[in-house]
Amino acid sequence: RVHNLLTDNPELYEARFPDPDRLAGRWTEDCLRRHEAGPRVLDMGCGTGRDAAHLHGAGREVTGADLSEAMLDYARAHHPGPWYVRADLHGFDLGQGVFDAVVCLDSALLYCHTNDQLDGFLSSCRRALTRGGLLVAEMRNGAYFLGRTDLLDAPTVNQFTWQGTVYQSTTTLTVDRTAQLLRRTRVWTADDGSEPVEQRSAWRLLFPQELRHLLAAHGFEVLELHDGPGPRT
């Protein structure tokens, strides 16, 4: 059984979500420069390492952290420069006051589904940052779904070709209001004769003022809070 087709196959992930212009990395570097962040950066939930490597190329001392060993192995081989380590978003200890900035992109923060997990992430970030350090988080806005159903009305179908195989994903989103989660069911099919793969995942739906409150509770001062556009959402 494949636990997560894209996470377990980083080459496939980059084929499905190409970023040739390094939009996410450029947006992040712009944030870091605008707020005069120091050079030591932690990319939490770094995935394939594309953004971490872009920040490294911009002259920063980057550590990329992820829970997936497959992603980390791929990052070391294909996006060298940063130091890559395994760490859990829900709570990590990479040293006290080691980083000038922590970045968390592409809604990775929203894999903190519970308040305890959010507290664990923000507490870990606070410990890891030097005094006056910067936290940059880019994610989907939970308030988008207030009065809107355009992403929920019908499944979304995407198709792409990689190494001669055509992959198709059918994605259904539902809102779990009690748990405050956006739940995703995605069914993958391929024309190579393999069996369909069904994956289930979820993101926490955080509202802007809720996020502001959580950050303040962990000793952060909110410098900017936007309703997009981020690099991908």
Side-chain angles (χ1 to χ4, degrees), residues 3-4 6-8 13 17 24 27-28 31 41-49 51-52 63-72 84-96 98-99 101-129 133-146 151 171 173-186 199-228 230-233:
H3 180 259
N4 189 308
L6 295 184
T7 301
D8 292 346
Y13 181 97
F17 299 109
W27 177 83
T28 304
C31 290
V41 176
L42 170 62
D43 182 1
M44 199 65 212
C46 67
T48 66
D51 301 328
T63 297
D66 204 279
L67 196 58
S68 167
E69 292 286 7
M71 285 289 193
L72 292 170
Y84 292 106
V85 299
R86 189 173 187 269
D88 190 340
L89 192 75
H90 299 155
F92 56 91
D93 184 2
L94 300 178
Q96 181 85 22
V98 174
F99 300 100
V102 175
V103 302
C104 190
L105 308 177
D106 196 25
S107 294
L109 184 151
L110 302 185
Y111 287 109
C112 295
H113 292 171
T114 68
N115 290 341
D116 285 345
Q117 290 172 348
L118 285 164
D119 287 338
F121 171 74
L122 292 173
S123 295
S124 298
C125 288
R126 193 74 172 84
R127 287 193 302 270
L129 285 166
L134 186 70
L135 171 61
V136 179
E138 179 261 326
M139 72 200 80
R140 291 160 180 80
N141 182 359
Y144 180 92
F145 293 93
L146 294 176
L151 297 180
T171 303
L173 298 175
T174 57
V175 173
D176 182 338
R177 292 178 175 83
T178 302
Q180 205 170 314
L181 295 175
L182 179 66
R183 296 194 182 276
R184 178 179 68 185
T185 301
R186 176 173 285 163
Q199 298 171 189
R200 297 179 182 271
S201 57
W203 295 286
R204 175 69 178 262
L205 291 175
L206 283 173
F207 296 96
Q209 294 307 311
E210 177 186 20
L211 182 59
R212 184 186 291 275
H213 174 78
L214 286 166
L215 289 164
H218 286 277
F220 288 97
E221 176 189 358
V222 177
L223 302 177
E224 297 182 19
L225 190 62
H226 300 287
D227 183 19
R232 281 184 287 267
T233 60

All heavy atoms of A108 vs all of L89, minimum pair found to be O-CD2, 2.9 Å
Taking it one step at a time, do L223 and L134 satisfy side-chain contact (heavy atoms from CB on, under 4.5 Å)?
CA-CA 9 Å; L223 302 177; L134 186 70; 3.9 Å; yes
Approximate separation, where rounding is to 0.5 Å, of Q180 CD and L206 CG
6.5 Å
Once rounded to the nearest 0.5 Å, what's the spacing between atom CG of D88 and atom CG of D93?
12.5 Å
If you measure from OG1 on T114 to CG on D119, what distance do you get to the nearest 0.5 Å?
8.0 Å
Locate the shortest heavy-atom distance separating L173 from W203; write the atom from each residue and the value.
CD2-CZ3, 4.2 Å
Determine yes or no for a side-chain-to-main-chain donor-acceptor pair under 3.5 angstrom, with H113 supplying the side chain and A202 the backbone.
yes
Among all residues two or more places apart in sequence or in another chain, which pass the side-chain hydrogen bond (donor to acceptor under 3.5 Å, both in side chains) test with T48?
E14
When rounded to the nearest 0.5 Å, the distance separating SG of C31 from CD of E224 is 6.5 Å
Heavy-atom closest pair, residues G49 and Y84
O-OH, 3.4 Å
L151 vs Y144 side-chain heavy atoms within contact, under 4.5 Å
yes
Taking CD in E221 as the centre, count heavy atoms belonging to other residues, nucleotides or ligands within less than 6.0 Å. Is the count above 12?
no
OH on Y111 to CD on Q117, rounded to 0.5 Å:
13.0 Å
Between M71 and G47 the two heavy atoms that sit nearest each other are CB-O, 3.5 Å
Point-to-point distance, once rounded to the nearest 0.5 Å, from CG of L109 to CG of L135:
7.5 Å
Compare all side-chain heavy atoms of R200 with those of R183 and state whether any distance is below 4.5 angstrom.
no
From the list D43, L129, L94, side-chain contact (heavy atoms from CB on, under 4.5 Å) with V102 holds only for L129
Donor-acceptor check, side chain of R204 to backbone of L110, threshold 3.5 angstrom: yes or no?
no
From CA spacing to verdict: side chain to side chain donor-acceptor pair (under 3.5 Å), R126, S123
CA-CA 5 Å; R126 193 74 172 84; S123 295; over 6 Å; no
Run the side chain to side chain donor-acceptor pair (under 3.5 Å) check on S201 and R184 step by step: do they pass?
CA-CA 5 Å; S201 57; R184 178 179 68 185; 3.0 Å; yes
Step by step, work out the side-chain contact (heavy atoms from CB on, under 4.5 Å) result for V175 and L182.
CA-CA 5 Å; V175 173; L182 179 66; 4.1 Å; yes
I'd like to check the side-chain hydrogen bond (donor to acceptor under 3.5 Å, both in side chains) partners of R186; sequence neighbours left out, ordered by chain and number.
T171
Pairwise side-chain contact, T178 with D176, heavy-atom cut-off 4.5 Å (strictly under):
yes
Minimum-distance pair of heavy atoms, taken over all atoms of W27 and L105:
CZ3-CD2, 3.9 Å
Mind checking whether F92 and L67 have side chains closer than 4.5 Å, heavy atoms only?
no
What are the two closest heavy atoms between G64 and C46, and how far apart are they?
C-SG, 3.6 Å
